[in-house]
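Okay, structure first, notes after.
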Amino acid sequence: MSISLKFPDGAERSYEDGVTPLAVAEGISKSLAKKVVAAKIDGGWWDLNRPIEQGGKFELVTRDSADGLEVLRHDAAHVLAQAVQELFPGTQVTIGPTVEDGFYYDFARDEPFSTDDFEKIEKRMKEIVDADLPIQREVWNREEAIAHFNSIGETFKAQIIDDIIPPGEPITVYRQGKDWKDLCRGPHLPSTGRLGKAFKLMKLAGAYWRGDAKNQQLQRIYGTAWSDEKQLEAYLHRLEEAEKRDHRKLGRQLELFHFQEEGRGMVFWHPKGWRLWQVLENYLRRRLDAAGYQEVKAPQILDRALWEKSGHWQKFHANMFTCETVEGEVLAVKPMNCPGHVQIFNQGQKSYRDLPLRLSEFGSCHRYEPSGALQGLMRVRAFVQDDAHIFCTEEQLVPETIAFCKLLRSIYEDVGVELHAVKLALRPEVRFGSDEIWDKAERILQDAAEAAGETLELLPNEGAFYGPKLEFHLRDAIGRTWQCGTHQLDFVLPERLEAEYVGEDGQKHRPVMFHRAIFGSFERFLGILIEHYAGAFPLWMAPVQVVVATITAEADAYAREAAGALREAGLRVELDLRNEKVGYKVREHSLAKVPVIAVVGKKEAEGRSVALRRLGSDAQSVVPLDAAASQLATEATPPDLR
RNA sequence: GCCGCGGUAGCUCAGUGGUAGAGCGCACCCUUGGUAAGGGUGAGGUCGAGAGUUCAAUCCUCUCCCGUGGCACCA
């Protein structure tokens, strides 16, 4: 019997039955055999040393490919687990998957690990690689496997077979060396030596078994692994560079904001940071005005009764800031703006002619976030949402969603950020509204977003209690993703808060409501922007756009005049008349990421010009003052006004 | 909230069982210098808070607070 393998280049070759992918690779070239880590047959993984059972589309996966890295990282996780179990007897293994740029393994052990243990563990891992232990795939009987893992005290593994692997699916166990075994779907390398040593343990964290805080907390060790040392070095270097753009660091360096103990999770915005905020708020306000929104302002504190009616009290009151008055009223600082906007909608009578009605608010919200959740500007307790609620008819749901997606994309393009992913969060376990309503809401939102051209990633169980939501995710400097924009469809709150309009038929109808935000929160969005630009904002956003710096005191009077002319042209200008050398001033303002330095000395004063120097370039261009003012003002025009 | 790691001058960080240092910044003086750091002098610290061990604690132990990396949570 022979089998026929179809290669990616279209070639088809036949092999003897039982040939291994490794043998196939060796038949092609020595160097390929060295680089290969696994194979794929008809898209399914196949171990290198596993005899091929049937022909099909065949692909050899090399260690430097994306798929190959997955295999290496998965093997690194196994080698980590073996090392840990050898060094710390009694430790139970649980799961060890790959993640972006690396892998982790969750261990159950009474004693805590410390990052001081990493050196020892890495050393043992390298010994396991040097030993080049053979890795063998074995298929086990389900009941025997459960009994085996229970008998050796690996109760988590037994539980995985029992609860997670669907009946009928083969139970595969990989034997690494003589005695060490792990339940695993594979694929794995033929031996540990092929892994190489381009890995490093990175961090230690607690993690709950099966992601549930009610379960036992395990100890998770994260690592990174690459195909060679050079890639590992490059990755570590990238991380270091990314840390330099941490918005918390830049916030201090650029004097944008600060935090202090007395206001955990609350931002003190400094003049430059607040200027940046204002620039973006003004920009966004113009865009919303143009898109048919009407801005409102609702009270900051409202009676508990309203939050009970909306349903927020039941679900979130532990996370709300509340107070009781001397007269015994219980009030809550608003954690979100929707009930307020519905009250505005409910005033007077609304007609179908008023719909869609888009009420927007730069709404200041407060939420008591768990202490461990706080993260610089990204997760705070006091924040401002660029919130809006769109009240509309069912027929308007699709066009409003399309309009929103377009508006969001246009705004993200203007401010220069790149969407990382668009996700659709579906019904959570605890929710209001019938299943029929949820079926309808999810279907409409998905269809509408797809009609808007969005490609969606589905997130089961992650919707709001009142409806499904589209989430627009951005990435920070070190690659973490954050939900910024959101577009949520809600059939529930209009009902609970009794919103109504009079239809064409003269009868009262219930509007449907969208909750939507483009930045999400100003705090988080500014955090993302700071990291995205590493503090070097485009001219229209920069808190200080131009610094006029003198060379000698002789030029002071002219420098004042020049700064005045630039301000007159609408630019944000600072004047630096200090008794310092021009090189010192250039260095300082460059580090402060000021986009334009206008140097003036005796020559410029006489010629009524300025010597412009752009951030990131050491070239200078001497331009007449009035030309510089009009040219820079044009350049500094926000994108929507150009 | 949970697990790991950390907290020394405004910032970045070094250091020690005998109560502390650097660079930058800041203040003052000299210097007016043409595009990424001119020179000098000086001020500035209950070494996160509290308790314990010790003749003696910034250093060792415990508790708490805060930060940080994850997990859980996120209307």
Side-chain angles (χ1 to χ4, degrees), chain A residues 99 104 106 112-118 202-222 246 248-249 252-253 255 258-262 264 307 310-320 334-339 365 367-376 378-381 385 387 425 428 432 462-467 469 471 478 480 482-483 486 488 490 493 515 520-521 524 549-556 578-591 597-604 611-613 615 617-620 622:
Chain A
V99 290
Y104 67 78
D106 284 348
F113 288 114
S114 151
T115 40
D116 295 340
D117 298 326
F118 280 10
M202 302 295 286
K203 48 201 181 188
L204 192 54
Y208 300 100
W209 168 238
R210 301 183 71 174
D212 190 334
K214 289 194 282 286
N215 290 341
Q216 180 182 344
Q217 188 162 39
L218 307 169
Q219 300 187 64
R220 176 173 298 179
I221 297 178
Y222 282 94
D246 186 315
R248 290 165 296 199
K249 197 171 262 185
R252 226 186 345 262
Q253 283 167 7
E255 301 175 289
H258 85 271
F259 291 95
Q260 64 187 51
E261 282 192 26
E262 293 84 348
R264 296 189 67 192
W307 303 107
S310 71
H312 291 93
W313 186 268
Q314 292 86 310
K315 195 156 187 327
F316 293 113
H317 81 269
N319 299 306
M320 289 163 76
K334 70 174 176 182
M336 17 84 70
N337 308 295
C338 12
C365 298
R367 296 178 186 174
Y368 184 78
E369 301 285 8
S371 57
L374 302 179
Q375 277 226 23
M378 302 301 192
R379 189 82 181 269
V380 287
R381 286 178 174 162
Q385 293 179 325
D387 205 358
F432 291 145
E462 302 218 353
F465 70 81
Y466 47 71
K469 53 180 192 173
E471 301 181 352
I478 64 171
R480 292 178 294 205
W482 300 89
Q483 179 198 307
T486 186
Q488 311 172 359
D490 180 2
L493 285 185
H515 308 241
S521 87
R524 177 178 291 182
T550 50
I551 293 168
T552 69
E554 265 183 304
D556 283 4
R578 289 174 306 169
N579 174 14
E580 296 290 352
K581 292 195 170 176
V582 68
Y584 181 90
K585 295 184 183 181
V586 165
R587 175 181 157 82
E588 199 167 89
H589 300 305
S590 299
L591 290 173
I597 303 174
V599 175
V600 297
K602 205 171 158 194
K603 277 190 292 193
E604 287 76 15
L612 300 182
R613 181 191 164 114
L615 183 59
S617 152
D618 53 9
Q620 50 171 323
V622 179

How close or far is atom [atom2] of [N] from atom [atom1] of [X], stated in whole angstroms?
X	N	atom1	atom2	value
A/Arg381	B/A75	CZ	C1'	17 Å
A/Phe113	B/G4	CZ	P	12 Å
A/Asn337	B/A75	CG	P	14 Å
A/Met336	B/A75	CE	P	10 Å
A/Asp116	B/G6	CG	P	7 Å
A/Glu580	B/C30	CD	P	14 Å
A/Gln219	B/G4	CD	P	7 Å
A/Glu255	B/G10	CD	C1'	11 Å

Taking atom [atom1] of [X] and atom [atom2] of [Y], what is their separation to the nearest 0.5 Å?
X	Y	atom1	atom2	value
A/Ser114	A/Gln219	OG	CD	10.0 Å
A/Gln375	A/Arg524	CD	CZ	9.5 Å
A/Met202	A/Leu204	CE	CG	13.0 Å
A/Arg367	A/Phe316	CZ	CZ	7.5 Å

For [X], report the nucleic acid contact type (base, sugar-phosphate, nothing); a contact means any heavy atom under 4.0 Å.
X	answer
A/Lys214	nothing
A/Val599	base
A/Lys469	sugar-phosphate
A/Ala549	nothing
A/Phe259	nothing
A/Lys603	base
A/Ala553	base
A/Leu591	base
A/Thr115	sugar-phosphate
A/Glu604	base

In whole Å, measure the gap between the [atom1] atoms of [N] and [M] for me.
N	M	atom1	result
B/A49	B/C11	P	15 Å
B/A22	B/A56	P	30 Å
B/U68	B/C60	P	24 Å
B/G7	B/U12	P	13 Å

Please list, for nucleotides 41-47 of chain B, all pairs of protein and nucleotide N/O atoms separated by less than 3.5 Å.
none

What's touching nucleotides 12-15 of chain B from the protein side, N or O pairs under 3.5 Å?
unit_1, atom_1, unit_2, atom_2, d
B/U12, OP1, A/Arg252, NH2, 2.9

- Contact letters for nucleotides 58-73 of chain B, in which S counts primed atoms plus P, OP1 and OP2 and B counts the base, heavy atoms under 4.0 Å: -------SSSSBBBBB
Minimal non-hydrogen separation, [X] against [Y], with atom names:
X	Y	answer
A/Pro335	A/Cys365	O-CB, 3.5 Å
A/Arg248	A/Gly376	CD-CA, 3.8 Å
A/Arg264	A/Glu261	CG-O, 3.3 Å
A/Tyr208	A/Asn215	CD2-O, 3.6 Å

- Message: If you take the centroid of each ring, where Trp contributes its six-membered ring, are A/Phe465 and A/Phe432 closer together than 6.0 Å?
- Response: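 Yes, the ring of A/Phe432 comes within the 6.0 Å limit of the ring of A/Phe465, centre to centre.
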- Message: Go nucleotide by nucleotide along RNA chain B from the 5' end; which of A/Ile551 and A/Arg367 gets its closest nucleotide reached first?
- Response: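 In this pair, the answer is A/Ile551.
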- Message: Need to verify one output field. Residue with the more 5' nearest nucleotide on RNA chain B, A/Arg613 or A/Ala464?
- Response: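 This one resolves to A/Arg613.
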- Message: So A/Asn337 and A/His515, do their side chains get closer than 4.5 Å, heavy atoms only?
- Response: no
- Message: Could you check whether A/Arg381 makes a cation-pi contact with A/Tyr368, meaning its NZ or CZ is under 6.0 Å from the centre of the six-membered ring and within 45° of the ring axis?
- Response: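 Flagged: A/Arg381 positioned over aromatic ring of A/Tyr368.
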- All stems with RNA chain B, defined as three or more consecutive Watson-Crick or G-U pairs under 3.5 Å: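 In RNA chain B, stems of three or more pairs: B:1-7 with B:65-71, B:10-13 with B:21-24, B:26-30 with B:38-42, B:48-52 with B:60-64.
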Identify the pairs formed between an N or O of the protein and an N or O of nucleotides 22-26 of chain B at a distance under 3.5 Å, and give each distance.
unit_1, atom_1, unit_2, atom_2, d
B/G25, OP1, A/Tyr584, OH, 3.2

- Query: Residues two or more places apart in sequence or in another chain: which of them pass side chain to side chain donor-acceptor pair (under 3.5 Å) with A/Arg210?
  - Reply: A/Asp163
